[in-house]
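Just so it is clear: chains get the letters A, B, ... in the order the sequence lines come, proteins before strands, and each one is counted from 1.
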Amino acid sequence: MCSNHDNHDNHDNHDNHDNRRRHNHDHRQIGAAAEHYSAEQNTVPGQLFPLTLTVNGHLQQLSVRADERLLDVLRERLGLLGTKEGCGIGECGACTVIMDGKKVNSCMVLAAQAHNSSILTIEGVEEPDGTLHPLQEAFIEAGAVQCGFCIPGMVLSGYDLLARRPDPTEEEIKQAISGNLCRCTGYRQIIDAVKLAGRKMRNGGNDED
Amino acid sequence: MNPTKQVNQNTNQNPDQGKLLQTDASPEISFKAVNKSFARLDGYEKVTGRVAFGADISKYRQIYAVNVLSPLAHAKIMQIDLSQAMKVPGFTAAATAADVPGSNSMFGRFPVLAAEEVKFIGDGVAVIAAETREAAVLAASLVKVTYRELPAVLTVKEALAPEAPRVHPDLEDNHIEHSHHKMYSGNVETGFSQADIILERDYTTGFAYTGYIEPEAVAVYPDPGRNGIVIEGTIQNPYSVRENVAAALGVPMNHVRVIQTAIGGSFGGKDESVIVMAARCAVLAAKTRRPVKMVLSREESSRIGGKRHPYFSHYRIGATRDGTITAIEDTVYAQGGAYNKQAMFLNWRGSVHAAGPYRIPHVKTDIYGVYTHTLYGTAYRGFSAPQLVFAVESLIDELAEACRLDPLEFRLRNCLKPGDTIPSGQTLDPEKMPANLREILLAVTDKTGFKKKWQENRIRAIQPGHQNLKQLTPQQLSGIGLSATYRGAGLGGEGLDTGAAVLTLDRDGYLNIQSSSTEMGQGIRTAHAQIAAEVLGISMDRVSFSPTDTSITLDAGPTVASRGILSGGNAVKIAAEKIRARLASAAVEILGCTRNPHPSRNGGKEALEFSNDTVYLSACPENSISLTELAMECHRNRGIPLTAQGWFTPEPEKLDHATGQGNAYPTYLFGAAVAEITLDPGTGKISVKKITAAYELGRAVNPDIVIGQLTGSIMQGLGYGIMEEIDVRSGALQTLNFDEYMLPGVMDLPEVDILLYETDSNVGPYGAKGIGEIGIELIAPAIANAFFNATGRRIRELPLNFERALLGKALR
């Protein structure tokens, strides 16, 4: 029962070696990276395209591959490592950033789609002098942080909500962070933090109503 | 500097959520730093995104490594053809088993790379490095491996069948070495002969994924100063990584330096997978002399990472007609998978917990670990308790029903009380382990109105027509369920439970801690800082930490078993007390104190007070010296060393392997929970409306952090109970990412009401016992019991997902 693995049909979903099927299962390979390459050609496409975007108020002009994601541009090209990759398929929300005023999963946005856009990442939430945003203060004070990996995405989801709804209900807060997974906290203290931040922002930094 | 803020522990951000800190502890004890909700020391770096996790580490000239994994559960490797992979532009190096310079068999039989045969889908066959990650992915996909498929054992049943293929052919059969643990007390046949009612039941739990949001990542680079290497990454247990990688490279341990980056969640899971990754990258780094980085995709993390062990539990239990348990007998199989680093410890703990927190005179427990050609079992929060507490707490409810008692009354009749003896023969010494399970059970049931709700639901469930779900509303399908547990603190007899720390008070009066416990998000550094601050009267913003680095911190084993507080915290306390004693010896001279500064020789009265960064005479507070001046004086003029090492080892605990008799753990925690649910009769969706849980934890070093740990544990328990299921059809993992493996999201969050019971116990620091795990194990059984209460139907397999809730069975 000697078989060359390339022809092993029973395991096509899991086959690192089966190039023909790879395009259908890109996220099951190495993140989205596998899709970047044409297996038939076995070459790395080198063509670069110009990309202009504003990140945290700074204009950036870059050359990127057509298949790069916004997440890759932020992390690999701009060194903005606060944006995290947890799943690569838009399920966990760790890569949440704000693009032209709208919350997006940056793993699901191609860099080209962000052309001429304005992006806010976690690095742009605090004041330029390092003073924390009320949301960031509230996350610390409410005990909303454990491992911290989901926190940049959570903060940005809270930021997006509070920009629209300064005094959100508990249900609105839940809706706002429902695209962000957290395995450590059980969410309770994160909800409390967003509520507390709303109070702080309405009252100019004071958290009393 | 890290901002710190002291939060009043009674401050409640959310008035909906009860956060009642109850206490049986001595009211006269007052604390300066412990038992207060200081903000976490690592909050600032985490809310700003500045903190570096494994994937954030980059080195000049680094190459990227990608694994080539087995697609077959059991096969002989005939040939590995790298020729196409090597043609990919940017290809740098490849390694197979032949390239491993040292031992290719690490702890638990894990190979660095499979040599002759693969033993599960996900076993590593080769590792490829290239100049870019994309090139490495492509090259890895072009590695052509020829296999000869071999028959595989995918289940415990198959593995234990006569003449079954052996996962490890050098063993006699598929039993995992040293994994059979026994707990024998009394004589169960005598016990069953006294019983009026005997039940026999099977309970099943499957694999579960730790589900940390950060996939594993390591960067491994040659150490320029030595022949060794440096490993940085998402490492829960740095010393395990060091020992195994050193063996794989064939170098002494001090040639391998392991530095822990921030970890985006671990819960026990970032252990074997990270050891394997580090070893593979180390082989490549040694070969290429270049830094090697490996970051797993979520799918790879699912394939490579360990899972909670499935448990197959067969129970027999007897009780007299009045509801007194007379005997319990259970045979339990843990599915260990292809390799095993845990089952011998896991089942040890399981043998102590398998009979539940009850007084049972006749107990016979046998737990076995079994190899299969599947995913392997890792340490995952709870470590056998989530599986066994589900089984035994479902069983207790079934027995209560058979005895015509409600679940509370039955538990109150049988639960452990102070001074009782547990099945191992250990007595619950009230000094060390105040067993107030009765009070805890009454607290959660009073708070929820359990008895009334349970009876109303039960009466409704036995009405004719109640089985026809389609005609009912979710409100008519509401249920309430109870569960109880006790949990051994720390490692107990699983292993040497040593904790270690080195504290240094600098000449300016600021403190640095080098702790053997690793921070994984659980807040251990903040808790350790509070313990040191309590001893030295130093303010929290004066405390800093050395990174966890095997060249700096002390080897005191892994940070597991909720032992960072019990052992690690005691080590910090001991080191801080040494520094305090040295400071005191100088202070008494400077302040002109004539009395002995040591309270133990001074009738319990401290001559000196350490408080608010100042040292003063108790009798004369204005006669004081600042900690800064005192430290400077010790350093500059007196040659008094203000670095001290603390080692803590609890009393040796051990069990007789033949019977399980002995002292299992230094102390125990107790807990009880009530779950309130509704069932949607259309879809089978269980909605958990409220969890009310009470825990006796000794002392909450930081109540906010404790609440966070418990809430997170409760949500993991909820996921385990109703959502999370790993599909391993034909040994191949189907649930690879969070679109298929369902983690609880915020919309699944019930109302959570947590009651903390503090007690004075003299084992942990200030009585603290460690809270990392106990939160998870009560939730699935409470939900299963609530489901029975709602429907009159009993489900004995987790999770209680839509199909099991609706149809009583899984569809696949």
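Across B:L296, B:L743, B:D748, the residue that shares the most heavy-atom pairs under 4.5 angstrom with chain A is B:L743. Ranked by heavy-atom pairs shorter than 4.5 Å toward chain B, the options A:C92, A:P152, A:C184 are led by A:C184. Between chain B and the residues A:Q175, A:H133, A:R75, the most heavy-atom pairs under 4.5 angstrom are made by A:R75. Of the listed residues B:A139, B:G90, B:P215, the one with more heavy-atom pairs under 4.5 angstrom with chain A than any other is B:P215. Interface summary for chain B: among A:G82, A:G148, A:G130, A:A94, the most heavy-atom pairs under 4.5 angstrom belong to A:G148. Of the listed residues (B:V51, B:I263, B:D56), the greatest number of heavy-atom pairs within a distance under 4.5 Å of chain A belongs to B:D56. Contact tally against chain A (heavy-atom pairs below 4.5 Å) for B:A136, B:G49, B:G712: the top residue is B:G712.
Judged by the 6.0 Å and 45° rule, B:K270 forms a cation-pi pair with B:Y212.
Proximity to chain A is absent for every atom of B:I705, based on heavy atoms less than 4.5 angstrom apart. Both the backbone and the side chain of B:A55 have a heavy atom closer than 4.5 Å to some heavy atom of chain A. Heavy atoms closer than 4.5 Å to chain B are found in the side chain of A:I151, but not in its backbone. Interface residue B:T210: only backbone heavy atoms are found under 4.5 Å from chain A. Contact of B:M747 with chain A is made through the side chain alone, with heavy-atom distances under 4.5 Å. Heavy atoms of B:Q79 lying under 4.5 Å from chain A are absent altogether. With a 4.5 Å cut-off on non-hydrogen atoms, A:K84 touches chain B through its side chain but not through its backbone. Of the two parts of A:V125, neither the backbone nor the side chain holds a non-hydrogen atom closer than 4.5 Å to a non-hydrogen atom of chain B. Using a 4.5 Å cut-off between heavy atoms, A:Q136 touches chain B through backbone and side chain atoms alike. For A:T185, the part lying under 4.5 angstrom from a heavy atom of chain B is the backbone only. Neither the backbone nor the side chain of A:L80 comes within contact range of chain B, judged by heavy atoms closer than 4.5 Å. In this structure, no portion of B:I714 lies under 4.5 Å from any heavy atom of chain A.
Remark: the backbone N or O of A:G86 is paired with a side-chain donor or acceptor of B:R298 at under 3.5 angstrom.
Side-chain atoms of B:Q709 and A:Q146 include a donor-acceptor pair closer than 3.5 Å. Using modelled atom types, one finds no donor on one side chain facing an acceptor on the other under 3.5 Å when comparing B:T234 with B:E216. Between the side chains of A:T121 and A:N56, at least one donor N or O sits under 3.5 Å from an acceptor N or O.
Sorted by first and then second residue, the ring pair (Phe, Tyr, Trp, His ring centres under 6.0 Å) pairs with a member in residues 67-95 of chain A form an empty list; sequence neighbours excluded. Pairs engaging residues 153-162 of chain A under the salt bridge (charged side-chain N to carboxylate O under 4.0 Å, His left out) rule: A:D160-A:R164 [sequence neighbours left out].
Environment of OH in A:Y159: sparse, with no more than 12 heavy atoms of neighbouring residues, nucleotides or ligands closer than 6.0 Å.
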Evaluate side chain to side chain donor-acceptor pair (under 3.5 Å) for B:D81 paired with B:T146, printing each intermediate quantity in order. CA-CA 8 Å; B:D81 176 3; B:T146 311; over 6 Å; no
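Ring geometry for B:Y741 versus B:Y209: interplanar angle over 60°, hence perpendicular rather than tilted (30 to 60°).
Here the side chains of A:I140 and A:L132 are in contact, with some heavy-atom distance below 4.5 Å. At a threshold of 4.5 Å between non-hydrogen side-chain atoms, the residues A:R69 and A:C107 count as touching.
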